[in-house]
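To start, the structure under review is shown below, and the notes come after it.
Side chains included, hydrogens not; waters and symmetry mates left out as well; all remaining heavy atoms used.
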Amino acid sequence: MTAISPAADKAATRETSIAIAEARARARLRRRHALVIGLRLAILVIFLGLWELGADYNIIDPFFFASPSGIFEQIWSWITEGTSQGPLWLQIYVTLEETFLGFVIGALGGIAAGIILGRNRLLADVFSIYIKIANSVPRVVLGSVFIIALGLGMASKVALAVVMVFFVVFANAFQGVREADRAMIANAQILGASPFQITRTVIIPSAMSWILASLHVSFGFALVGAVVGEFLGAKQGMGLLISTAQGAFNANGVFAAMIILAVMALVVEFIITRFENYVVKWRPAPFNEQGA
Amino acid sequence: MTAISPAADKAATRETSIAIAEARARARLRRRHALVIGLRLAILVIFLGLWELGADYNIIDPFFFASPSGIFEQIWSWITEGTSQGPLWLQIYVTLEETFLGFVIGALGGIAAGIILGRNRLLADVFSIYIKIANSVPRVVLGSVFIIALGLGMASKVALAVVMVFFVVFANAFQGVREADRAMIANAQILGASPFQITRTVIIPSAMSWILASLHVSFGFALVGAVVGEFLGAKQGMGLLISTAQGAFNANGVFAAMIILAVMALVVEFIITRFENYVVKWRPAPFNEQGA
Amino acid sequence: TGATAASAADKITIIVGGMEKQIYLPAVLTQQLGYFKDEGLDVELVNSRAGVEAENELLAGAVQGVVGFYDHTVDLQSKGKYIQSIVQFSQAPGEVELVSAKHPEIKSPADFKGATLGVTGLGSSTDFLTQYLAVRNGLKPGDYTLLPVGAGNTFIAAVKQDQIQAGMTTEPTIAQLLKTGEASVLVDMRTPEKTKEALGGDYPAASFYVQSSWVEGHKDEAQKLANAFVKTMKFIASHSAEEIADKMPKDYYAGNKDLYIQGLAGGKAMFTPDGRMPADGPETVLKVLSTFSKSLQGKQIDLSKTFTTEFVDAAK
Amino acid sequence: MQLQTMAAQKLSPAAPPADAAIAIDDVTLRFVTPDGHMMTAIRDFTMTVARGEFACVVGPTGCGKSTTLNLVTGLLRPTTGNVRVMGNPVTDISRDIGFVFQVDALFPWRSVIDNVAAGPLYRGTPKAEAYDKARDWIARVGLARFEKHYPHQLSGGMRKRVALAQTFINQPKILLMDEPFSALDMQTRTAMQDELLGLWSELKSSVVFVTHDLEEAVALADKVYVLTAGPGTVKSVYRIDLPRPRVMADIRYDPKFIEIAKVIWNDLREEVQLGQSRGLQTGH
Amino acid sequence: MQLQTMAAQKLSPAAPPADAAIAIDDVTLRFVTPDGHMMTAIRDFTMTVARGEFACVVGPTGCGKSTTLNLVTGLLRPTTGNVRVMGNPVTDISRDIGFVFQVDALFPWRSVIDNVAAGPLYRGTPKAEAYDKARDWIARVGLARFEKHYPHQLSGGMRKRVALAQTFINQPKILLMDEPFSALDMQTRTAMQDELLGLWSELKSSVVFVTHDLEEAVALADKVYVLTAGPGTVKSVYRIDLPRPRVMADIRYDPKFIEIAKVIWNDLREEVQLGQSRGLQTGH
Ligand SMILES: Nc1ncnc2c1ncn2[C@@H]1O[C@H](COP(=O)(O)OP(=O)(O)OP(=O)(O)O)[C@@H](O)[C@H]1O
Ligand SMILES: Nc1ncnc2c1ncn2[C@@H]1O[C@H](COP(=O)(O)OP(=O)(O)OP(=O)(O)O)[C@@H](O)[C@H]1O
Ligand SMILES: [Mg+2]
Ligand SMILES: [Mg+2]
């Protein structure tokens, strides 16, 4: 006969039941993840299936709207045989480089301008009207102006991507700065922070979710800017690929290029989300999702 | 000899000094307003002056970049003699109508989608990836797809304006919903709010500054969408005006049309700001700006 | 000479107003055939859909040459900018006025009254040509409406949706619409003969032009370019549509190769056999343009400055 | 069950009866800490509040009082164990509960009167009636002059009073309050306590009231829960048998009151010191 | 100057001397109310805190205590009158001041230790030193186990203690505290009070301490300001002559303490009742 103290017994049952509860919670998470992936795939499959069927029965005219199988063949031929402008990866690389440069410059510019104007009332009052004006300029027109000013090389595409990105990021950074909690700013000031320190340690962290929200949408915009730039004149890039395909009535080519663009956007999106999760890991989970 | 009670005397001096202090504060506000307007005008005049001088001395080639005087003449001739496509106001009206419809539809759609996905975790997980994909589609390509699908009339321009607006508004509305204070939501829930009431009375007001920030930038985008649509094919509108001017190497015409677009954007911007001030009048002023 | 040595290494950039378009086919074909390399030239072709972009780049000095429509040289001269065609690719516009199958009542341009006519853009060559056709057939401006619908898909959609009853466009849009039977040819301007019939003269269209000032300092390069292009023109004249199509990048006919060949066979005749400007061509262009283009009205145009046969003459 | 004094019975925590208003049964709740470990906030927690009962909870700061209330509202879910309200397991955030949050949870875009009227409006009361009721409650918490003010234009204590009015106006059958009176001066606090007791006896609500003020707890409660330092669990439960109705301004001078307070105070002090020394273990 | 007891002298407010640490001279401050009118928050307010003096401020809720502190920090500007700190008019938000806000003002994206180290880091202290100091202060407020936690993972009382450590670590010569201890249990509160008095006597700071707990005020202060109900102005000022150093756990049983507290209590009660009746004028 072994004697077990009731307290130890109690503690042991508690530990077991917690372990069970936690295992159950983990299983729930896994199931949910599987559900999400499953639903996403289901939607994709249904969408592509309907499209293909529609194309087969000519409800959706594949001459204009392509068909999934045709698109797939096109992508495959680009991968295996290359495009008329050279290998596919080179086109992707060129566009990605322009997009990326434009995105970085536009985002940094937008953030900087947003913070400076958001922090300085007078500058905001004076300059925001000009930013509004600049934002109403049609980008295609701007595209031609850039081509004249910067030439047909990479610079003009980057510039176009920059102006696509800048305004969105600026608007959010500006508002994010203004939304920063006044008690927190006061606290930092009293704790001894210089205006620059306040900007760095209070304003930017509190505007961060604003800025990140704009980055999510603006990478897509940068891509659009670069492609439009290539449309207006280029020797390489996805935009040229689309333009050629359009000219040759190759709807499959147009859509194939768009799908490649989408994949590029998703990859970058994934990176941004990673970064976001890292940056805002301090954030409270909504109620009901936090207990283990 | 009249006897004045010291208390009454005291109160009287207080009232006077407060009145003086308030008058001084009002004068300060007026001075500041004048300063802002003055600075704005100064920047405008300097900018136009340098441009005109640059054009005169051919540092800035007016063949490519127009000149303020040429632009002014062009606008004047459009006003007095009409454009090649009809009276100027008709072009403005057409573009404004497309823009406005696109803006309203895109904004409402973006807000609705942002709120629905922001409130429902599963939907967000499943669908946000598709929204990201859609956002990476180059708008010019979309433009031709819309023309094919919707024809050359107003619908295709409106659709293009919609897709320009939707993503920006969606991204902000979505994030704004997610940023809503969890204690406040919990409070509403406990006070008896249904999910719909929570959305209406807690989520939307707290996402409001997010949504408004996106509206500021997206009206400009709607304008861009409508103009690009007109670029691709139209009978009327500012985009056609630009396209015609471009085709005729008429830089003054191109810039004149852009200036008219900018004025349109500013007018709407002014209305949105008015609305914003009305909606967020509950907002605390930053410290140092609140005491009278 | 020293200039030759220095410029031999230089890169020459040429903008093509739509590399995949058949009317500009000689540009890419020359590249594909390696004729630039044979001449010791390092040529880079850049695509630009909008003609204006190309001209602006040329005038801004960022590129050395443009493959585009000849009429731009005339138009730009009226604005004080001098560019000249040094190799003429085509002696016919390569455009066709198509009429929608829904409107059999339109049998000639004279029936355009009340119709909406598709053009690629206002102020474009298609605009002027369409109007010229109408006026030549006794209509007045205002009897018809012009609608800019672009080229390609949007043009086809406009026909299908009956937003235009007739319209002017180029290959491969023509072949596409003919194949589906949604439109038929009303006025064919793909061959020199039919163009003369329609317009009363040769209408030089696709050409290779450069800034006049550039020619002065780069005679050597200009000559080499002319040599290469003339060789290509001869190649076109001496080969069948299939043979030419085989030389072209696959993406240009990815939509439908047969259609591409069919279009090429129909339009091959528009190309000049030797790159030379047809004698009466410039006058026809000026006549068409000055009737409708506002910017040309009241301007004195010196046509001899808009082209030169110096280099094609010297080409072996 | 050990009898401590005439008025304060120390109860042994037992499994809750099925018909209790609030029954927390052997609950453990863990949070994930920043370094990825699990931290137990409350452990083996059992608590019962009968219908119409007024329970106060005292304990050292950070011992899990707010967490306990969140469990009852459904804002948090237990890791193990279960929570029942009115006999039903808590599955969602409940509308039958009134909850005065420890943190500020007013709607900043609504004026005082709109904040207070929120509850009735949510529950479908006609507008005019809701505002009449709201006006009444605003007056009861002494803010009649501030109806139109927005929360940021109020002082801390005034905001707390708005939150009280916001909750009281719903006349909840179950009322949870997390340190509701700590931002108020003594006089206002006494008035609010009277208001609360009035409401409670009128509605026969069940109340859980968290406070750091032991005297307040004893003065108000039928039952006082003393929690241990975190991870919190119930250390002891006292039944307070002071007669009702109680008048807040006078009860503190009642000798029985003083005696009970002293007993519980000794119990609590022990716990607080323990919590202190634990928290301070790496300190000076 | 009227002598009330041996220990509590009632002072008549006088124009502040030039060398006072804090001098608020005949200040009136008005806010714009939602309906566009002006509301006077404080009126003809005069207050002096000498260097090294410990002043407590008590008064009914909403009487303008927080507003007064905000005037000293420079967060608010007086409508008329002027405010001087260390002899200089307040023109900007001052870095020489320590301020424990009534509301939560921690940085939510910084862990406890990063929050506490913020002040030294802002002021240019080397990182290692700042974190050492921070660790020390976190231990002093009893949160050593929670260094890595983010504010939202702490209880209300714990957050308040982080705010205290954040302010104390800067060793401010002027220390303003707005109800800093009201979220703490009695035992933690006593420990914090001792910590505060230690810091104060070590640094010879000048302190303004707002509280609703009159006993706390009397136990800590050299001088107690009693404010009138809003619009607030100084009703009376008491000098507390209890001997120093004071031990918080014992002072409450000192008969002199009890006597002083009673005198001021009567004074305050009158005021609070007035404030109540004003606030309630349209009520039931
Ligand atoms: N989201 C969270 N993540 C991790 N730990 C948490 C979280 N929320 C609370 N805790 C921890 O749970 C414990 C109990 O917190 P709780 O807020 O219930 O305390 P409390 O008793 O209300 O204290 P106080 O009297 O200070 O309000 C604390 O140690 C706290 O650090
Ligand atoms: N921004 C503002 N606009 C209008 N009125 C305000 C504003 N801020 C404060 N007030 C008013 O000023 C008065 C004093 O407020 P204050 O916060 O100083 O009170 P308090 O003495 O600190 O009260 P408590 O003890 O509740 O914290 C209150 O009546 C309040 O309504
Ligand atoms: Mg708590
Ligand atoms: Mg206060």
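- Under the 3.5 Å distance criterion, the side-chain polar atoms of T48(D) are left unmatched by any main-chain donor or acceptor of A23(D).
- Taking non-hydrogen atoms and a 4.5 Å limit, the residue list of residues 204-223 of chain B in contact with chain D, ordered by number, reads P205(B), S206(B).
- Ring pair Y278(B)/F275(B) is tilted by interplanar angle, where 30° to 60° counts as tilted.
- A donor-acceptor contact shorter than 3.5 Å links the side chain of T73(D) to the backbone of L75(D).
- The closest side-chain donor-acceptor pair between T211(D) and E179(D), if any, does not fall under 3.5 angstrom.
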Let me check something: any side-chain donor-acceptor pairs from residues 96-107 of chain B under 3.5 Å, sequence neighbours excluded? List them with distances.
unit_1, atom_1, unit_2, atom_2, d
T99(B), OG1, T95(B), O, 2.6

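- When P108(D), P151(D), G98(D) are compared by the number of non-hydrogen pairs under 4.5 Å with chain B, P108(D) comes out ahead.
- Proximity of a side-chain donor or acceptor of E276(B) to a complementary backbone N or O of T273(B) within less than 3.5 Å is not detected.
- For L121(D), the part sitting under 4.5 Å from any heavy atom of chain B is the backbone (N, CA, C, O) and nothing else.
- For V279(B), no part sits under 4.5 Å from any heavy atom of chain D, backbone or side chain.
- We find that K133(D) and D136(D) are not joined by a salt bridge, their nearest charged nitrogen and carboxylate oxygen being 4.0 Å or further apart.
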